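Here the structure comes first, spelled out in structure tokens, and everything after it is commentary.
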Amino acid sequence: MRFKGNAKVRQLKGKVTESVGKAMGDPSVRRAGRREQLRGRAQEMTQTATDRVRKWTKR
């Protein structure tokens, strides 16, 4: 499974978007930022798990 972009960058971008949404008082922008942040975190966890599996199955 391939993901576009870096997980850390996606998290940071989501955090900034969420903060902008809070400052503007726009709940839809805030939710979109939060969604992006959670996607980045999930992507990072998936990459970590994949790396661990590859490490242990390599012989």
Side-chain angles (χ1 to χ4, degrees):
M1 187 182 285
R2 270 308 213 211
F3 294 102
K4 285 190 175 181
N6 188 343
K8 289 284 186 189
V9 173
R10 181 175 269 183
Q11 282 181 346
L12 186 61
K13 183 179 167 191
K15 189 130 183 111
V16 169
T17 306
E18 184 182 12
S19 298
V20 167
K22 279 183 185 177
M24 289 176 20
D26 189 352
S28 65
V29 174
R30 184 177 175 190
R31 276 195 308 271
R34 184 71 182 151
R35 191 177 320 118
E36 188 76 18
Q37 193 176 352
L38 292 175
R39 279 173 139 183
R41 192 171 301 146
Q43 178 182 345
E44 186 179 10
M45 289 170 51
T46 303
Q47 287 173 344
T48 303
T50 303
D51 290 344
R52 285 184 183 164
V53 168
R54 283 188 185 138
K55 180 181 174 185
W56 288 106
T57 57
K58 189 187 289 186
R59 294 199 179 216

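A quick note: this is a predicted structure, and the numbers were derived from the prediction, not measured. Values below: every heavy atom of this structure, side chains too, minus hydrogens, waters and symmetry copies.
To the nearest 0.5 Å, atom CG of residue Asn6 and atom CD of residue Gln47 are 7.0 Å apart. We find the CD-OG1 distance between Gln43 and Thr50 to be 10.5 Å, quoted to the nearest 0.5 Å. Interatomic distance, CD of Glu36 versus CD of Gln11, reported as 10.0 Å (0.5 Å rounding). Rounding to the nearest 0.5 Å places NZ of Lys55 at 8.5 Å from CZ of Arg52. The structure places CD of Gln37 at 5.5 Å from CD of Glu18, a figure rounded to the nearest 0.5 Å. With values rounded to the nearest 0.5 angstrom, Thr17 atom OG1 is found 12.5 Å from Arg34 atom CZ.
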Start with the C-alpha distance between Asp26 and Arg30, add both sets of side-chain angles, then the distance that settles side chain to side chain contact (heavy atoms under 4.5 Å, CB included), and finish with yes or no. CA-CA 6 Å; Asp26 189 352; Arg30 184 177 175 190; over 6 Å; no
Dump the intermediate steps for side chain to side chain contact (heavy atoms under 4.5 Å, CB included) on Leu38 and Arg35, then the final yes or no. CA-CA 5 Å; Leu38 292 175; Arg35 191 177 320 118; 6.0 Å; no
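Closest approach of Val29 to Met24, counting heavy atoms only: CG2-CE, 4.5 Å. The shortest non-hydrogen separation linking Ala7 to Gly40 is CB-O, 3.5 Å.
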